[in-house]
Each structure stands twice: as C-alpha cells, then as structure tokens.
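Because the structure is a prediction, the values reported are computed rather than measured. Convention: sequence-line order gives letters A, B, ...; per-chain numbering from 1.
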Amino acid sequence: MRQKLADIILFAARKAFEKGKLVSGEFPAVEIGEPKTATHGDFSTNFAMVMASAQKMPPRKFAEIITGEIEDQSGLIEKTEIAGPGFINFFVKQNSWHPVLKQVFADDDKFGSCDIGDGKKIQVEFVSANPTGPLHVGHGRGATVGDSVANILSFCGYDVQREYYINDSGRQISTLGRSVYLRYLELFGENVEFPEDCYQGDYIRDIALKIKEEKGGSILDEPEEKAVMFCARVAAAEILAGIKDDLELFGVKFDNWYSEQSLFDSGKVDSVIKDFKNRHIIYEKDGAHWFRTSEYGDEKDRVVIRNNGLTTYFASDIAYHVDKFGRGFERVIDVWGADHHGYIPRLFASIEAFGRRKDQFHVILIQLVSLLRSGEPVAMSTRSGEFVTLKDVIREVGTDAARFIFLTRHYESHLDFDLELAKKQSNDNPVFYVQYVHARISSIIRKGEEQGIKDIKWEDKHIAVLKEAEEIQILKTLSAYPEAVRSAAELLEPHRITYYLMNLAAAFHSYYNKHRVLSDDPGITEGRLCLVLGIKKVIRNGLKLLGVNAPEKM
RNA sequence: GCCCCCGUAGCUCAGUGGAUAGAGCAACGGAUUCCUAAUCCGUUGGCCGCAGGUCCGAUUCCUGCCGGGGGCACCA
C-alpha cells in the first residue's frame with residue numbers, strides 16, 4: 001500500500017515537471033507515513049516539505065501541484081488533502097483494505113515474511129554463558145532476544161545459524177576445577193579453607209558428591225594439578241548439560257555448540273596470531289604481545305599474549321570471529337550482556353584488521369534484568385551462590401510468560417522482571433492478553449464447526465460484509481504486520497513484534513465485545529469467521545517468532 | 001577521570017525528523033439473557049531531565065550539564 005502511494009506521488013511529480021510546473025526534476029524517495037490521528041487520513045507524506053526549497057516554492061503550493069497531477073489507476077484513494085505545513089494526506093477507499101485478508105489466507109504461516117535476507121548466511125551467537133554455573137534470569141533475556149532475532153531473520157529470508165560459544169578454556173575453568181576439587185576433599189573429611197574467588201554455589205558440592213559416588217576416593221591419589229583438571233572437565237560437562245536442559249525447557253535450540261578449547265587444539269589461535277604478527281598488527285612490548293586496536297578506534301592497544309606466555313580471552317575471541325567469517329557467514333551477530341560493552345571496540349578492531357566490513361558484525365547488548373517479587377528486589381548474589389536461576393523462574397512463571405516479558409522492552413532498557421506480575425492472569429500481564437485472542441478465536445471456530453461451518457476460506461463476497469469500523473481497523477492492523485516484521489528484522493528488534501501483537505489483540509478484543517461473529521445471517525457469519533481466522537493466523541505467526549505458544553484453549 | 005545504556009502520565013514502558021506525544025497498570029464511573037469478563041467502553045492524568053545547536057519542523061539528531069544503572073586488568 002505504501003509503495004503504491006509512493007509510486008503514485010512520484011509519477012505525479014514527474015508529470016508535473018514534464019508539464020513545466022516544477023523547477024527541478026530531481027526527486028528523492030517518497031516517504032509514506034501513517035498519521036497518528038485518523039482525521040489526518042490513513043497515510044501521509046512529507047514530500048512537499050522536503051521538496052519545497054529545491055522547488056523554490058512554499059510546501060503547500062508544491063503539494064497542490066502534485067495532488068493535481070495524481071492518477072489513481074487502481075482506484076485506491078478515496079481522497080487526498082493538503083494539511084498543516086504541507087502534508088499530503090491520503091484517505092484510502094474502504095475496500096482497499098480487504099485484499100490483505102486474502103493474502104493472509106494465501107500465505108498462511110508465511111504471511112508477513114519477506115526476502116530481505118536473500119538467502120545470505122547469517123549467524124546469531126547468543127547466551128554463551130560460561131559453563132561454571134547455572135543460567136540466571138539475565139541469560140534468559142539474552143536467550144529470548146537471540147532466539148527471537150534468529151527466528152525473525154530466518155522468516156525474512158536469511159539462512160540463520162544459532163551458535164553457543166563455550167568458554168571451556170582458561171582461568172575460570174581451572175577455578176571451577178579447583179572449587180570442585182576442594183569440595184571433594186571436604187567430603188573426605190579434609191579441613192580445607194575454601195577461597196572467596198572460588199565458586200560458592202551448592203551445585204559445586206553436588207558435582208563433588210557425584211564424583212565421589214562414581215570414583216570413590218581414587219582422585220585423592222592423583223597429583224593435585226591432574227585432579228583439578230579432571231574435576232574441571234567433569235564439572236564443565238555436567239554444568240553444560242544442565243544449561244542445555246534449561247535452554248530446552250525454555251524453548252531454545254542451538255544449531256552449533258562451539259568450543260573455545262577447540263580453537264587452541266586446532267591451532268587456530270596460533271595461526272591467527274602469527275598472521276597478524278606478520279602484518280605487524282600484533283607487536284611485542286614489555287614481554288607481552290599487543291594488538292594495535294587503537295589504530296581501529298579503540299582507546300588503547302590490547303594484550304593478546306601475556307608476558308607469562310598465556311593468551312588472553314581476546315586472543316581466542318579474535319580467532320573465533322575470524323573462524324566465524326571463515327565459515328561463510330556474511331553477517332555475524334553477537335548477543336552480549338551490557339557489562340561487556342567495553343569489549344566491543346577491540347573486537348570490531350580485529351574484525352576490520354581481518355578485512356571485514358564493520359557492517360558485517362553487530363553486537364546486541366542486553367541490559368540488566370532486575371528480579372522483583374511484588375515490587376521488592378529479590379536478592380541476587382552470584383558470589384554467595386544465592387541466586388534465582390533461570391530454571392526457577394521458568395518453573396514459577398512458565399516459559400511463555402517469561403519469554404514474552406523479556407520481549408516487552410527494548411533490549412537496551414533495563415528490565416524489571418516481577419515474578420508475581422508474571423504469574424498474574426490479568427491485563428498487567430500482556431502474554432495472556434495476546435494468547436487469549438488465539439484461544440477465544442479457536443473457541444469461536446469450534447462453535448462454528450458445531451453449527452456446520454467447516455471450511456472457512458477467503459471469498460470476494462466477504463468484502464461487502466466486512467464493513468464495520470472495527471473490522472476495517474482490524475484489516476488495517478493486519479496490513480501493518482509485514483512492515484512490523486521487516487523493521488524488526490532490519491533493526492534486530494523483536495519487541496516490535498510484541499507491541500504489534502498487543503495492538504492487534506486490542507483491536508480484536510474491542511471488536512469481539514461489540515460485534516458477534518456467529519449470527520443468524522450466514523453471509524455475515526462466514527465473512528466474520530474469515531476475518532477472525534485471519535487474526536488467529538497472524539497472532540500464531542507472531543507468537544511463533546517470539547517463541548511463545550498459541551493455545552487453543554485457556 | 002573515561003566509556004556504554006537509561007531519563008516520556010502517580011507506576012511500568014512504547015514512540016527508525018513530522019501535525020493535538022501513546023499503551024497498560026493505578027484512581028474513578030460504566031458494560032455480560034448471547035461466540036471464554038484472562039474482556040470491553042469512558043473519565044482523570046504530561047515544561048518528553050535541563051540548557052544550547054542543526055533543521056521548514058526535534059521527544060527523536062549533535063554538544064554540554066544534571067540524575068539513575070552498568071563497565072573500565074598482561075580476568076573472563
């Protein structure tokens with residue numbers, strides 16, 4: 001619809017220029033917007049204001065010339081108006097809205113999809129929590145956003161891979177091993193002092209106990225270094241398995257689990273460092289090796305190999321991202337917690353140094369989640385091990401409510417997650433508001449079937465029936481869905497789908513309360529059933545992109 | 001000190017340079033003989049943190065300041 005209007009305006013402008021009514025024949029792309037108030041029409045364009053100076057005439061004058069040349073061959077426009085400082089407002093004919101419903105039925109579960117991805121390979125890496133402890137609420141937000149972004153990109157024609165990067169190498173893993181080893185020693189009555197920088201949670205004790213049950217005291221005889229390594233491997237595997245379970249419970253599946261350690265084992269870290277050294281992007285100073293990130297906009301250079309010979313996390317991350325692009329991804333998206341923001345410039349530096357464009361890499365920074373219960377903060381101390389895990393949250397409020405709430409905010413905003421609110425079955429809690437639409441419509445359709453109406457499909461005769469103001473409003477809202485999906489994909493903002501769905505839900509509930517779908521008039525009944533089934537399809541499609549279920553009953 | 005995010009109605013938040021800034025909750029008043037009241041309709045509620053700048057036009061972009069949160073290792 002927007003595109004058609006834009007074409008009409010551009011055509012009119014060209015015609016006006018040919019007739020010698022305009023100074024310049026250069027026209028930019030025509031922007032078609034949707035006014036906030038209905039009195040300003042269904043669509044509007046600022047074209048006249050944008051063009052005024054180039055055309056050396058007041059915007060309203062220009063608008064008059066343009067509207068005078070409009071040819072509406074497909075009979076879309078009811079009327080146009082020039083308003084305010086020079087807006088051209090379009091009032092679209094009521095019947096122009098109905099084809100969208102036909103489209104919904106034709107495209108069905110593909111309605112709203114597009115091909116802006118053009119089959120390009122794109123990777124979304126998310127969660128990637130260290131296998132040193134269970135997932136918490138913050139990871140849940142990252143998981144939901146990453147998963148939903150992946151869904152949306154896939155729906156928009158990208159070839160998407162979901163990846164989880166496992167930090168199974170380096171210091172935090174040996175700390176994990178040491179933590180478990182010490183707890184293991186405790187189980188044999190040894191009096192150990194448990195350091196503060198070790199992992200404090202009860203799950204460490206559980207793993208130690210498991211090792212004891214499986215191996216008895218045999219680890220005691222091993223040299224400490226070997227024993228710690230053993231504990232580390234067992235613990236990491238155990239915790240990772242738990243993470244996988246939690247994610248599955250949360251409806252998140254990864255295509256690939258990528259091990260940091262494998263980057264070392266395969267020599268990829270070494271070869272990347274060597275390569276950058278040869279190109280003098282990595283240099284030696286004070287016994288350490290530094291990456292010239294400052295030449296690519298970072299505030300200072302960063303160490304990749306410490307003077308003790310060990311590589312930093314940055315080193316493996318460079319190798320990792322080089323490897324990502326090496327696997328053929330044209331775009332790479334990382335979903336991180338906001339506390340990593342300082343890390344972004346150096347990673348961009350390495351990606352540019354490797355010869356990739358800045359726009360091929362994107363970091364989605366997820367802001368903090370505060371867990372509340374009835375407005376009061378819930379204690380979340382990772383150090384003490386006293387924290388509410390993602391699993392606890394899923395058990396308490398359910399996957400659907402949790403995911404939906406995570407997507408009711410822009411991810412750059414801090415999020416208060418209230419456990420009591422998430423359970424409340426009321427309008428405070430938008431997930432039910434949207435799901436309720438799906439359940440209500442399902443119920444209507446079941447009732448219709450009882451009355452013998454089975455095969456609901458689009459027919460042109462419905463156009464004459466669907467003419468109530470609320471029905472037109474719904475058709476307009478349905479028309480807006482593809483645009484909502486596309487902008488969500490382009491901006492990597494899944495919350496746009498959430499807001500769209502709440503909007504569509506409101507339009508339906510409003511309609512439902514005012515008009516009956518099942519009536520004595522078979523023509524009206526069929527037309528309205530078609531309309532509500534169309535809504536049901538779009539609600540289902542949208543919820544699927546968010547990873548939320550669309551229930552038949554509630 | 002430097003960097004990132006946020007600041008919009010009493011609360012929680014939408015708003016990819018447009019016209020009279022929106023939604024939910026809260027408060028108040030209504031609606032169900034009938035398809036799910038987990039719903040709907042109405043009323044009240046705003047120096048869009050402050051000050052400059054760019055622009056025909058700024059809540060939106062830029063700069064500075066104020067306030068809240070987070071981050072600034074040869075840790076990850």
Side-chain angles (χ1 to χ4, degrees), chain A residues 31 33 35-37 39-40 44-46 48-50 52-53 58-59 83-87 89 130 132 167 169-173 175 197 260 285-290 298-300 302-314 316-317 337-345 365-368 370 375 408-416 418 421 424-437 439-448 450-451 487 490-491 493 495-496 498-499 502-503 505-506 508-519 525 528-529 532 553-554:
Chain A
E31 285 177 45
K36 287 171 189 163
T37 48
T39 52
H40 294 138
S44 72
T45 180
N46 58 1
M49 277 114 77
V50 174
S53 63
F87 288 103
N89 293 339
N130 292 346
T132 53
N167 298 121
S169 164
R171 203 178 66 105
Q172 85 279 5
I173 284 296
T175 304
D197 63 346
E260 182 188 4
K285 194 184 94 185
D286 304 333
H289 290 68
W290 300 71
D298 198 4
E299 60 186 52
K300 59 175 188 178
R302 306 289 176 175
V303 169
V304 286
I305 304 176
R306 291 177 262 169
N307 61 13
N308 63 6
L310 295 176
T311 57
T312 61
Y313 183 81
F314 182 40
S316 31
D317 242 354
D339 50 345
H340 288 70
H341 90 267
Y343 206 77
I344 295 176
L365 274 188
I366 309 280
Q367 288 294 328
L368 201 83
S370 311
T408 51
R409 301 270 181 285
H410 192 122
Y411 45 72
E412 282 182 0
S413 289
H414 293 215
L415 170 67
D416 288 336
D418 195 306
L421 208 64
K424 250 170 111 177
Q425 300 187 337
S426 74
N427 220 345
D428 294 1
N429 193 350
V431 63
F432 297 114
Y433 185 78
V434 173
Q435 287 184 318
Y436 190 41
V437 172
R440 263 186 157 176
I441 294 174
S442 303
S443 173
I444 295 171
I445 289 167
R446 282 195 296 272
K447 279 266 168 28
E450 286 168 21
Q451 294 176 17
S487 67
E490 283 170 348
L491 300 164
E493 290 179 351
H495 76 283
R496 285 168 184 276
T498 317
Y499 277 88
M502 292 194 279
N503 194 24
F508 168 77
H509 285 311
S510 205
Y511 174 60
Y512 178 92
N513 272 272
K514 195 162 173 190
H515 303 286
R516 285 191 56 82
V517 174
L518 303 172
S519 69
T525 301
R528 290 183 175 176
L529 273 171
V532 297
K553 281 181 187 171
M554 283 174 74

Worksheet item: What is the distance from CG of A/Leu491 to P of B/A14, rounded to the nearest Å?
Response: 15 Å
Worksheet item: If only atom types and distance count, is the side chain of A/Thr525 paired as donor or acceptor with the main-chain N or O of A/Ser519 below 3.5 Å?
Response: yes
Discussion item. When the C1' atoms of B/C40 and B/C35 are compared, how many Å lie between them, rounded to an integer?
Written reply: 15 Å
Discussion item. Can a donor-acceptor pair be found, under 3.5 Å and without considering hydrogens, that links the side chain of A/Asp418 to the backbone of A/Leu421?
Written reply: yes
Item to complete: Just compare B/C35, B/A76, B/C56 and give me whichever is closest to any side-chain atom of A/Met49.
Response: B/C56
Discussion item. Does A/Glu31, at its CD atom, have more than 12 non-hydrogen atoms belonging to other residues, nucleotides or ligands within less than 6.0 Å?
Written reply: no
Worksheet item: Counting any heavy atom closer than 4.0 Å, what does A/Thr312 reach on the DNA or RNA strands: base, sugar-phosphate only, or nothing?
Response: sugar-phosphate
Discussion item. Quick check on B/A38: is either OP1 or OP2 less than 4.0 Å from any side-chain nitrogen or oxygen of A/Tyr436?
Written reply: yes
Discussion item. Does a side-chain N or O of A/Lys36 approach OP1 or OP2 of B/A21 to a distance below 4.0 Å, or not?
Written reply: no
Worksheet entry | Listed nucleotide nearest any side-chain atom of A/Ile444, set B/C35, B/A38, B/G69 | B/C35
Fill in: Donor-acceptor pair under 3.5 Å, A/Arg409 side chain vs B/C13 base
no
Worksheet item: Would you say the base of B/A19 and the side-chain of A/Ser44 have a donor-acceptor pair closer than 3.5 Å?
Response: yes
Worksheet item: What integer distance in Å separates A/Gln435:CD from B/U39:C1'?
Response: 15 Å
Discussion item. Quick check on RNA chain B: between A/Lys447 and A/Arg171, whose nearest nucleotide comes earlier from the 5' end?
Written reply: A/Lys447
Practice prompt. Kindly indicate whether the side chain of A/Val532, heavy atoms from C-beta on, has any atom under 4.5 Å from the side chain of A/Phe508.
Written response: yes
Worksheet item: Taking only side-chain nitrogens and oxygens of A/Arg496, does any of them come within less than 4.0 Å of OP1 or OP2 of B/U16?
Response: yes
Practice prompt. Check the distance between B/U12's C1' and A/Leu415's CG and give it to me in whole angstrom.
Written response: 10 Å
Item to complete: Report, as a single string ordered 5' to 3', how protein heavy atoms within less than 4.0 Å touch nucleotides 41-49 of chain B: B base, S sugar-phosphate only, - not at all.
Response: S--------
Worksheet item: Would you say the side-chain atoms of A/Tyr411 pair up with the backbone N or O of A/His495, donor to acceptor, closer than 3.5 Å?
Response: no
Fill in: Which nucleotide in B/C40, B/G71, B/G18 has an atom nearest any side-chain atom of A/Asp339
B/G71
Fill in: Whole-Å C1' distance, B/A9 and B/G22
10 Å
Worksheet item: Taking A/Asn130 for the side chain and A/Asn167 for the main chain, is one N or O donor matched with an acceptor at less than 3.5 Å?
Response: no
Discussion item. The side chain of A/Val50 is closest to which nucleotide in this list: B/C74, B/C5, B/G18?
Written reply: B/G18
Worksheet item: Checking all strands, does A/Asn307 fall into the base, sugar-phosphate, or nothing category for heavy-atom contacts under 4.0 angstrom?
Response: base
Worksheet item: For the base of B/C6, is there a side-chain donor-acceptor partner from A/His414 under 3.5 Å away?
Response: no
Worksheet entry | Separation of the C1' atoms in B/G10 and B/A27, to the nearest angstrom | 10 Å
Worksheet entry | Distance between C1' atoms of B/U8 and B/C47 (Å, rounded) | 12 Å
Discussion item. Using heavy-atom distances to pick each residue's nearest nucleotide on RNA chain B, tell me which of A/Ala505 and A/Asp286 is more 5'.
Written reply: A/Ala505
Discussion item. Between B/U16 and B/A73, how far apart are the two P atoms, rounded to whole Å?
Written reply: 35 Å
Worksheet item: Can you check whether A/Tyr499 stacks with the B/A14 base, using ring centres under 5.5 Å and planes within 30°?
Response: no
Practice prompt. Tell me whether A/His40 is stacked on the nucleobase of B/A19, counting only the six-membered base ring and applying the 5.5 Å and 30° thresholds.
Written response: yes
Discussion item. Quick check against the 3.5 Å criterion: does A/Asn308 have a side-chain atom that pairs as donor or acceptor with the backbone of A/Leu310?
Written reply: yes
Worksheet item: Does A/Tyr512 have a side-chain nitrogen or oxygen under 4.0 Å from the phosphate oxygens OP1 or OP2 of B/A37?
Response: yes
Worksheet item: Quantified in whole Å, what is the P atom distance between nucleotide B/C74 and nucleotide B/C11?
Response: 43 Å
Discussion item. Nearest to the side chain of A/Asn89, heavy atoms from C-beta on, is which of B/A19, B/U39, B/C2?
Written reply: B/A19
Worksheet item: P atom, B/C2 versus B/C13: distance in rounded Å?
Response: 28 Å
Worksheet entry | B/A76 base stacked by A/His340 (centroids within less than 5.5 Å, tilt under 30°) | yes
Worksheet item: Which heavy atom of A/Thr312 sits nearest a heavy atom of A/Arg306, and at what distance?
Response: CG2-CG, 3.9 Å
Practice prompt. Check whether any side-chain N or O of A/Arg306 sits under 4.0 Å from OP1 or OP2 of B/C75, and answer yes or no.
Written response: yes
Discussion item. Taking the minimum atom-to-atom distance to the side chain of A/Leu518, which one of B/C4, B/C35, B/C40 wins?
Written reply: B/C35
Worksheet item: Taking OP1 and OP2 of B/A37, is either one under 4.0 Å from a side-chain nitrogen or oxygen of A/Arg440?
Response: yes
Worksheet item: A/Lys553 near the nucleic acid: base, sugar-phosphate alone, or nothing, with a heavy-atom cut-off under 4.0 Å?
Response: base
Worksheet item: When you check the phosphate oxygens OP1 and OP2 of B/G15, does a side-chain N or O of A/His495 lie under 4.0 Å from one of them?
Response: yes
Worksheet entry | Separation of the C1' atoms in B/C56 and B/G67, to the nearest angstrom | 34 Å
Item to complete: Tell whether A/Asn503 reaches the base of B/A14 with its side chain through a donor-acceptor pair below 3.5 angstrom.
Response: no
Worksheet item: When all nucleic acid strands are considered with a 4.0 Å heavy-atom cut-off, which category describes A/Ala288: base, sugar-phosphate, or nothing?
Response: base
Worksheet item: Distance from A/Ser487 atom OG to A/Glu493 atom CD, nearest 0.5 Å?
Response: 7.5 Å
Fill in: Polar side-chain atom of A/Arg528 near backbone of A/Arg516 as donor-acceptor pair, under 3.5 Å
yes
Item to complete: Tell me which nucleotide among B/G71, B/U36, B/G18 gets nearest to the side chain of A/His341.
Response: B/G71
Discussion item. Can you identify which nucleotide, out of B/A76, B/C35, B/C40, has its nearest atom closest to the A/Gln172 side chain?
Written reply: B/A76
Discussion item. If we ignore hydrogens and angles and just use 3.5 Å, is the side chain of A/Glu260 paired with the main-chain N or O of A/Gly170 as donor and acceptor?
Written reply: no
Worksheet item: For A/Arg440, which of A/Gln435, A/His509, A/Met554 qualifies under side-chain contact (heavy atoms from CB on, under 4.5 Å)?
Response: A/His509
Worksheet item: Is there a donor-acceptor pair closer than 3.5 Å between any side-chain N or O of A/Tyr499 and the backbone N or O of A/Thr408?
Response: yes
Worksheet item: Reading RNA chain B 5' to 3', what string of ( ), [ ], | and . shows its pairs, if Watson-Crick and G-U wobble pairs count only when both distances fall under 3.5 Å?
Response: (((((((..((((....[...)))).(((((.......))))).....(((((..]....))))))))))))....
Practice prompt. Return no unless some side-chain N or O of A/Ser413 is found under 4.0 Å from OP1 or OP2 of B/A14.
Written response: yes
